[in-house]
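This report refers to the structure that appears directly beneath it.
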Amino acid sequence: MDSERRDTGAEDLRGPEGRGRRNAIRIAGRCGLAATALGPAVLSAALGAPGLATASLAMLGFAGLLAARLRRHSAHPALAAAAEASGTARLETYADRMWELQENEEHFLGLIDALGDVVIHRNRDGRIVYANKVFADMMGQPQGDLIGQRLNDLGVQVGIVPDAAFADGECLSSTDVAIHAPGGTRWFSWIELSVRDVAGGASHRAIARDITARKRAETALISARERAEYASVAKSRFLATVSHEIRTPMNGIMGMAKLLADTNLSAEQKTYVNAVSTSAGALLALIEDLLDFSKIEAGRFEPEPQTMSPRELVESVVELLSSRAFAKGIGLGCHIAPNVPLTITADPGRVRQVLLNLIGNAIKFTETGGVLLTVALQPDERGAMIRFAVADTGAGLRKEDLARIFDEFEQVDSGPTRAHGGAGLGLAISRRIVEALGGSIGVTSDFGLGSEFAFSIPAVDAGPSNERRGLVLDGYRCVIVSRNEVECDAIARTIRAYGGTADVAFSVDQAIELAKRCDALLVDAAMESPDGRLLKRLRQAGFVGSQAITMIAPTDRGMLGDFRANGYASFLARPVRGETLLRMLLSSAASATMAPGQARVGSAAPRRSAARVAGLSILLAEDNEINALLARTALQKAGHRVETVSNGKAAVERVTGSRGNRYDIVLMDLHMPVMDGLEAIALIRRHEEDNEMAAVPIMALSADSQERTRHEVLAHGASGFLTKPLDPDALIHAVEESAA
């Protein structure tokens, strides 16, 4: 029977009807073979293209079922024909779908390669199950050879995220990875997503973008920054060295010119010496500006805030520049409002520098009249600000000059016939300093009528002010007799600020008209004659009971004896300090109410420093022979004994040696051979501590004017700091003050 059935089946496959069944079986067989051939490839990419794998497996199973069905129904022509038609249609549909999925996969993989990014799929063990062509080309291997390898085997140091990291979901990680490929090392931004499927399996899918160019740029930037920092440090050292090397010979030029001027010289010789001093001062100012500008450009300018007194700072600057103003025959006045705090936190060295620049410029460009500095506390949107305003009666500025006056190397008159010298850096440096201190600076001017340069800085940590004194001069009346309008204005403002009344007279006749009740009469010494004729005339005109006070310039101190003999009870030094003026007026008011036997407070005798001590024993450590000669000569002329050594080691041996020399003060240069000044100061202080000895005053001498250097010197145990070039008078004063 079996043989008969086989024969019958064979007959059914022959003939016209059997041809259709043979074709269906042939198609099914081919589909089965195709699915069988594609099966391993699809399985190898199952995690990368699950849709295509599922379709292929379905085709494989369907082809097998269809072949079995055709065999089963081949004996029945009708059923075979129906099965043939249905199977052919289904096979064609699934075949088309399979090739469509294959095309989509090829298109998708092509897009991945076209992006240029590395795409890698790894299994739980870290073995590669898929790597795109970009990664294969970079590693120089076929894609198929990468399957099953680990990244570490290929020189890519990227580990597997632990399972615990994505136990509750997926985990996204990112890092920068260096891949050492045959073409060279390249950097990639590696982003990897680790997930766990429903069955508990894990996979790690990564995409990496080439950031080699960015890494090279970052490396270049870091290298450039390091070079810039090194260059900045080198420039800072260079500036400090240049400052020292320039100031050292300038110290000799200016100091020796000063000493020479104090000797017996003819009129012609004095003219030459004054020319040397003036030229040296101008050169030193130019050097200071250039060094400061270089520091700022190098980024080495850093404010050093500390507690400072605005009042003391302002008045000391005004006193310092007064001789320059008086030499030109112009006035220099200062008024500080009572609301200005007694102390604030700021960089006193930099504030002083700005004031020196502004006031110095005002004096330079003013030929008649004078310069007035006013200081006041003003509210601002930034908070409480201290405003410093420098007004002059000079030529003023044109509108087109106002916009550029604070730029580098800019001057109002930059032509070859300009009347004033300079590099045009002072205002530019001042602007940068003020801005670094958190303030602002500006100028207002009317051409031909003068200018006002003003800057404001924050009143940080402001202390109490003089407003607590109140109107202490209430009911007190003063008459000021002087031809200098600017100085009179400053004095009058101070008197009125504390409740007093002040009238100004520019001539004797104007003063006589004010001879009503007057408590104090302030007379400019420049208007008085040696025999006191002006005061006598004023007394006769009605100023009988007024306290007579003369205002003298530094050059008029030799006339104090004559003024006292002619009826002046006391004196005020120009430019008049506000605090001194207030104290003088209050003491004169108190003396007016004293009993006849009580002593009067005011004294016309010049107030000598309490530290003035003759015959001090001084040790000078200075390696420069000219500077040593200058300091030794100036101190010996003042009556002091001076011993000199040329290095720090010798200075330490003199102070700590067995001879037991005890000096009243030691002057220590910072830059010396064998042993520098800082080390010498530290050794001296250590010796004093070990032997429980009193500390000898040590004044450090340096041409480095940086505030940082000053702080470092004081931190090493120095008692004070003097900047070269040394002024002989300032040196003597500092020595005597420190020794006291």
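Values below: every heavy atom of this structure, side chains too, minus hydrogens, waters and symmetry copies.
Looking at Thr263, its side chain does come within 3.5 Å of a backbone N or O of Leu260 through a donor-acceptor pair. No donor-acceptor distance shorter than 3.5 angstrom exists from the side chain of Ser546 to the backbone of Asp519, with no hydrogens or angles considered. Looking only at distances, a side-chain donor or acceptor of Gln510 sits under 3.5 Å from a matching main-chain atom of Phe506. Between the Arg539 side chain and the Phe543 main chain, a donor and an acceptor come within less than 3.5 Å of each other. Proximity of a side-chain donor or acceptor of Asn566 to a complementary backbone N or O of Pro530 within less than 3.5 Å is detected. Formation of a donor-acceptor pair under 3.5 Å by the Arg431 side chain with backbone atoms of Phe406 is found in this model. Between the Ser445 side chain and the Leu397 main chain, a donor and an acceptor come within less than 3.5 Å of each other. Not a single donor-acceptor pair under 3.5 Å links the side chain of Thr580 to the backbone N or O of Val576. Distance alone, capped at 3.5 Å, is enough to place a donor-acceptor pair between the Ser482 side chain and the Asn484 backbone. No donor-acceptor distance shorter than 3.5 angstrom exists from the side chain of Lys328 to the backbone of Glu367, with no hydrogens or angles considered.
Leu581 contributes atom CG, which lies 6.0 Å from atom OG1 of Thr494 (distance to the nearest 0.5 angstrom). Atom CG of Leu620 is separated from atom CG of Leu635 by 7.5 Å, given to the nearest 0.5 angstrom. Between Cys488 atom SG and Ile480 atom CD1 the span is 5.5 Å, to the nearest 0.5 Å. For the atom pair Ser507 OG and Met527 CE, the distance stands at 6.5 Å (nearest 0.5 Å). One finds the CG atom of Leu321 at 9.5 Å from the OG atom of Ser316 (value rounded to the nearest 0.5 Å). With rounding to the nearest 0.5 angstrom, the CG atom of Leu522 is 5.0 Å from the CD1 atom of Ile549.
The closest side-chain heavy-atom distance from Asp474 to Tyr498 is not below 4.5 Å. Looking at Thr550 and Leu572, their side chains never come closer than 4.5 Å, going by heavy atoms from C-beta outward. Leu259 is listed as a side-chain neighbour of Leu630, based on a closest heavy-atom distance under 4.5 Å. Contact annotation: the side chain of Cys334 never approaches that of Pro575 to less than 4.5 Å [non-hydrogen atoms, C-beta and beyond]. Residues Ile512 and Arg537 are in side-chain contact: their nearest non-hydrogen atoms beyond the backbone lie under 4.5 Å apart. Within the 4.5 Å cutoff, side-chain heavy atoms of Ser702 are placed close to those of Phe721. Counting heavy atoms from C-beta on, the side chains of Glu312 and Glu579 never come closer than 4.5 Å. In this structure the side chain of Leu437 never reaches within 4.5 angstrom of the side chain of Phe455, judged on heavy atoms.
Taking both residues in full, the closest heavy atoms of Met308 and Ala346 are given as SD-CB, 3.6 Å, listed atom of the first, atom of the second, then distance. The nearest pair of heavy atoms linking Ser719 to Val696 is OG-O, 4.3 Å. Considering every non-hydrogen atom in both Gly396 and Ser451, the closest pair reads CA-OG, 3.4 Å. Nearest heavy-atom pair across Ser430 and Asn357 is OG-ND2, 3.1 Å. Across all their heavy atoms, Asp664 and Pro697 have their closest contact at O-CD, 3.3 Å. Residue Ile386 comes nearest to Pro310 through the heavy atom pair CD1-CG, 4.1 Å, listed as atom of the first residue, atom of the second, then distance.
Exactly one residue among Asn627, Thr723, Val713, Leu722 makes a side-chain contact (heavy atoms from CB on, under 4.5 Å) with Leu701. That residue is Leu722. Each of Leu332, Thr393, Asn361 was evaluated against Thr366; a single residue qualifies, Thr393, per the side-chain contact (heavy atoms from CB on, under 4.5 Å) test.
At a threshold of 4.0 Å, the pair Arg477-Asp503 counts as salt-bridged, since one of the basic side-chain nitrogens sits closer than that to a carboxylate oxygen. Arg387 has a carboxylate O that lies under 4.0 Å from a charged side-chain N of Glu452, or vice versa, which qualifies the two as a salt bridge. Between Lys536 and Glu528 there is no salt bridge, since none of the side-chain N atoms of the basic residue sits less than 4.0 Å from a carboxylate O of the acidic one.
A donor-acceptor contact under 3.5 angstrom links the side chains of Arg350 and Gln353, judged on distance only. With no hydrogens or angles considered, no side-chain donor-acceptor pair links His335 and Thr374 at under 3.5 Å.
Within a 6.0 Å radius of CD in Glu485, no more than 12 heavy atoms belonging to other residues, nucleotides or ligands are found.
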Test side-chain contact (heavy atoms from CB on, under 4.5 Å) applied to Phe571 and Leu560, step by step: CA-CA 8 Å; Phe571 75 96; Leu560 283 176; 3.8 Å; yes
CA sep, side-chain torsions, deciding dist, call: Asn466, Leu342, side-chain contact (heavy atoms from CB on, under 4.5 Å): CA-CA 7 Å; Asn466 275 343; Leu342 297 179; 3.7 Å; yes
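Relative to the ring axis of Phe326, Arg574 places its NZ or CZ within 45° and under 6.0 Å from the centre.
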